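The next block holds one structure in the form of structure tokens; read it before the comments.
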Amino acid sequence: MDAYNPRTVEEVFRDFKGRRAGMIKALATDVGEFFQQCDPEKENLCLYGFPSEQWEVNLPAEEVPPELPEPALGINFARDGMQERDWLSLVAVHSDAWLLSVAFYLGARFGFYKTDSQALKLRPNIQKQCHHRMRLMMVSKRKMRMSMERHYVGLVGRIMQMMNSGFAVISVRNGSMENV
């Protein structure tokens, strides 16, 4: 996996933020490419986030025990059996769990003292989890679509009102209303 070995709370948190950014990129920005890579015909696939803010869909590590905790196996199997947004939301929830398990694994591996461990517990909570971020993006897209629909309905209503009051021709040249 990664040759990078964070050893302080700050380094573990930086690792967490980088992996989180990579997963959000897969689930929100590169969603088309992510969707294609999660072919249900392939073996058990996992979504990996890296400290470099990159992501990858791949098979789980072959080494036993693995160097890091493994993300959810088989994210590709449910892809075609669910609505896309529900599937992405499910993958985001599993990604959040994996991110936290990696952060706490790294903390335990390097024997953080109680105060360091407490600081590590608080820091990921400051960041919005992938699932929360996905829900916010879906809500904002829905609000934008509803706003556009309201604008369109209002525009149609105004046109109908003008047509009923004698304004019946819309100038194609400049979009203005002309009296008949």
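Treat the numbers as computed from the prediction; the structure is a model and nothing was measured. Note that the numbering runs from 1 along the sequence shown for the chain.
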| query | Is there a side chain to side chain contact (heavy atoms under 4.5 Å, CB included) between Val102 and Asp15 once you walk through the steps? | reply | CA-CA 9 Å; Val102 168; Asp15 179 272; 4.1 Å; yes
| query | Please walk me through it: do Tyr105 and Glu67 pass side-chain hydrogen bond (donor to acceptor under 3.5 Å, both in side chains)? | reply | CA-CA 10 Å; Tyr105 167 80; Glu67 183 181 333; over 6 Å; no
| request: Check step by step if side chain to side chain contact (heavy atoms under 4.5 Å, CB included) holds for Leu90 and Met82. | output: CA-CA 10 Å; Leu90 178 67; Met82 302 174 75; 4.1 Å; yes
| CA sep, side-chain torsions, deciding dist, call: Leu100, Phe16, side chain to side chain contact (heavy atoms under 4.5 Å, CB included) | CA-CA 8 Å; Leu100 291 172; Phe16 172 87; 4.1 Å; yes
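Put simply, the residue from Lys25, Met23, Arg19 that forms a side-chain contact (heavy atoms from CB on, under 4.5 Å) with Gln54 is Lys25.
A ring pair (Phe, Tyr, Trp, His ring centres under 6.0 Å) check over residues 66-93, counting only residues at least two apart or in different chains, returns the pairs Phe34-Trp87, Phe35-Trp87.
With rounding to the nearest 0.5 Å, the separation of CG in Asp30 from CD1 in Ile24 is 12.5 Å. Within the model, atoms CG of Leu47 and CG of Asn76 stand 11.5 Å from one another, a figure rounded to the nearest 0.5 Å.
For the residue pair Asn58 and Tyr48, the shortest heavy atom distance occurs at O-CE1, 3.9 Å.
Grouping the Ile, Leu, Val, Met, Phe, Trp and Tyr side chains by contacts below 4.5 angstrom, directly or via other members, places Leu73 apart from Val93.
A donor-acceptor contact shorter than 3.5 Å is absent between the side chain of Ser89 and the backbone of Asp86. Without hydrogens or angle criteria, Trp98 side chain to Pro69 main chain gives a donor-acceptor distance under 3.5 Å.
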Exercise answer: donor-acceptor pairs, residues 38-46 side-chain atoms, under 3.5 Å, sequence neighbours excluded:
residue : atom : partner : partner atom : Å
Asp39   : OD1  : Glu41   : N            : 3.0

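Judged as a side chain to side chain donor-acceptor pair (under 3.5 Å), and not counting sequence neighbours, Glu84 has no contacts.
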